[in-house]
Amino acid sequence: MSDSALQDLKSAQPAELEKSKDSSVEPCNAMPVLNGNKCVKKEEKALPECPDVTNGCEAGIVDVEYIDSENLTDLPDVDASLSTLLARLESKDWVKTCEALNNVRQLAIYHKERLRELLEPLVPLIVKSVKNPRSALCKTALMTCADIFKAYGELMVDSVDLLLMPLFLKSSQDKRFVCEAAEAALMSMTSWISPSVLLPKMQPYLKNKNPRIRAKASVCFSNSVPRLGVEGIKEYGMDKLIQVAATQLSDQLPESREAARKLSLELQAFYEKSQASSSGEGDCTPATSPEAESWEAFCQSKLSTLSAQAILRATVGVPVVPKETGIPVALKEAGIALKEGGISVAVKEGAAPVAPKEDGAPVAPKEGAAALGC
């Protein structure tokens, strides 16, 4: 073979190889769009379709539409949706899982009696989606939590333990749209579940090592207490609640301290209302009853000095000086008053004046005055 023929053959091979590579790669422009009940794909006619593989090597661009509860419509085939609901919630295709979660929301709104039978196996699957790192799936699951709290209320009490930690974590993360959905779910929980049952479940999270979790728990705790009412607060224990508020007032994050301040004001209002009602049972002027213990006295009797001052600073505005005990009282009984800058000696009637001494030498009470003799 001549040299020219070999040269032509070598130049032809790279051109064919490049052509085969170009023909094997097709642009992907399929965009699955999740819209409530179903997922549809929008494609351009000029470009070939590529598969949407969310759990494999390839992934399509997915546009998820979040539908508010009031805009959800009823399912066209309830029986078919119920029969495949659990399987779709366990699907590895997150788009199908989002579709199933929206079906749960629709069933909770329009067919909650039929969905009630599936609550026990349903909640762990919802929690799994809440923990999913994919933000779209996580937010859809959080919206589902809000709807089932509203639909079932007290029936969700047994499931709260599974949901509290994931909800607190998601409500304190950096992605704002996920955080807002988690806060909405927590608000729904505190609105539709009895506070007498919910408060004991939330209280351990007030001591969590994560300050963000403590802050979110403080907010939920503060929002739940007013729903107890005066009698409910008495049954739960005013002592316990005021101690919780005092502890959270010194927390690291401002959100937690603000929730504690709000709780302190609520407790003050309830306490004063209960004192007025109890004192006014046989008296027309309950506010002036000497038997009614003041808010300041109550705080000082139930809390340490520093904690009482923190509560009073948040509620009254000016810290109240704690009651004097021990050495100050003994000095007063002896006729000695403590003053800033030294000791003032009060002379009792009929007694000889005694001059204060310093290292055995008499000290003049005022500048320029003569020293008193021993």
Side-chain angles (χ1 to χ4, degrees), residues 190 195-208 211 213-283 285-333 337-340:
T190 56
S196 60
V197 178
L198 195 57
L199 290 176
K201 293 181 178 291
M202 290 193 294
Q203 193 161 350
Y205 294 94
L206 298 173
K207 300 179 181 180
N208 194 278
I213 291 178
R214 291 200 306 269
K216 297 303 179 182
S218 295
V219 172
C220 291
F221 197 92
S222 175
N223 291 337
S224 296
V225 168
R227 297 183 59 237
L228 283 171
V230 175
E231 295 302 322
I233 288 178
K234 288 181 180 179
E235 292 177 5
Y236 189 85
M238 188 71 172
D239 300 358
K240 295 180 183 178
L241 294 173
I242 197 65
Q243 287 170 3
V244 168
T247 302
Q248 297 307 113
L249 276 174
S250 60
D251 197 76
Q252 178 180 349
L253 293 183
E255 185 179 9
S256 184
R257 298 195 297 270
E258 179 60 26
R261 190 188 70 83
K262 178 183 174 183
L263 175 59
S264 301
L265 292 171
E266 293 283 355
L267 293 176
Q268 181 190 19
F270 279 121
Y271 179 79
E272 293 176 348
K273 182 178 179 180
S274 63
Q275 288 293 100
S277 61
S278 60
S279 301
E281 290 176 355
D283 193 354
T285 57
T288 59
S289 174
E291 298 180 358
E293 186 180 18
S294 68
W295 171 247
E296 290 85 354
F298 172 77
C299 292
Q300 290 173 353
S301 65
K302 301 299 181 182
L303 301 170
S304 65
T305 301
L306 292 178
S307 296
Q309 285 182 329
I311 290 291
L312 294 173
R313 192 179 299 112
T315 54
V316 180
V318 179
V320 178
V321 179
K323 296 178 181 178
E324 293 182 346
T325 57
I327 294 177
V329 174
L331 291 173
K332 280 188 174 181
E333 291 176 353
L338 292 176
K339 288 187 177 181
E340 188 177 356

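With rounding to the nearest 0.5 angstrom, the NZ atom of Lys207 is 12.5 Å from the CG atom of Asp251. Separation of atoms OG (Ser264) and CZ (Arg257) is listed at 13.0 Å; rounding is to 0.5 Å. The CD atom of Gln309 sits 12.5 Å away from the CG atom of Leu249 when rounded to the nearest 0.5 Å. The NZ atom of Lys302 sits 12.5 Å away from atom CG of Leu241, with the distance rounded to the nearest 0.5 Å.
The salt bridge (charged side-chain N to carboxylate O under 4.0 Å, His left out) analysis of residues 215-230, with sequence neighbours excluded, yields the pairs Glu183-Lys216, Lys216-Glu255.
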Set out, in order, the CA-CA distance, both residues' side-chain angles and the distance that settles side-chain contact (heavy atoms from CB on, under 4.5 Å) for Leu267 and Ile311, then state yes or no. CA-CA 10 Å; Leu267 293 176; Ile311 290 291; over 6 Å; no
Is there a side-chain contact (heavy atoms from CB on, under 4.5 Å) between Val230 and Lys273? Walk through the geometry before answering. CA-CA 8 Å; Val230 175; Lys273 182 178 179 180; 4.1 Å; yes
Could you give me the CA-CA distance, side-chain angles and deciding distance for Val219 and Lys262, then say whether side-chain contact (heavy atoms from CB on, under 4.5 Å) is met? CA-CA 9 Å; Val219 172; Lys262 178 183 174 183; over 6 Å; no
Would Leu206 and Thr247 count as a side-chain contact (heavy atoms from CB on, under 4.5 Å) here? Give the steps. CA-CA 9 Å; Leu206 298 173; Thr247 302; over 6 Å; no
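The shortest non-hydrogen separation linking Ser256 to Arg214 is OG-O, 4.2 Å. Closest approach of Ser307 and Ala246 over heavy atoms only: CB-CB, 3.9 Å. Closest heavy-atom contact between Leu253 and Ala215: CD1-CB, 4.0 Å. Between Leu198 and Thr190, the shortest heavy-atom distance links the atoms CD2-CA, 3.8 Å. Here the shortest heavy-atom pairing between Ala308 and Cys299 reads CB-O, 3.7 Å. In plain terms, the two heavy atoms of Met202 and Cys220 that are nearest each other are SD-CB, 3.5 Å.
Annotation: side chain of Ser301 is in contact with side chain of Glu293 (closest heavy-atom distance under 4.5 Å). Between Met238 and Phe298, the closest side-chain pair of non-hydrogen atoms falls below 4.5 Å. Contact check for Ser274 versus Lys234: side-chain heavy atoms found under the 4.5 Å cut-off.
Note on ring orientation: taking the six-membered ring where Trp is involved, the planes of Tyr271 and Trp295 are tilted (angle from 30° to 60°).
Under a cut-off of 6.0 angstrom, the local environment of NZ in Lys201 is crowded, with over 12 non-hydrogen atoms contributed by other residues, nucleotides or ligands.
With sequence neighbours excluded, the residues forming a side chain to side chain donor-acceptor pair (under 3.5 Å) with Arg261 are Glu258, listed by chain and number.
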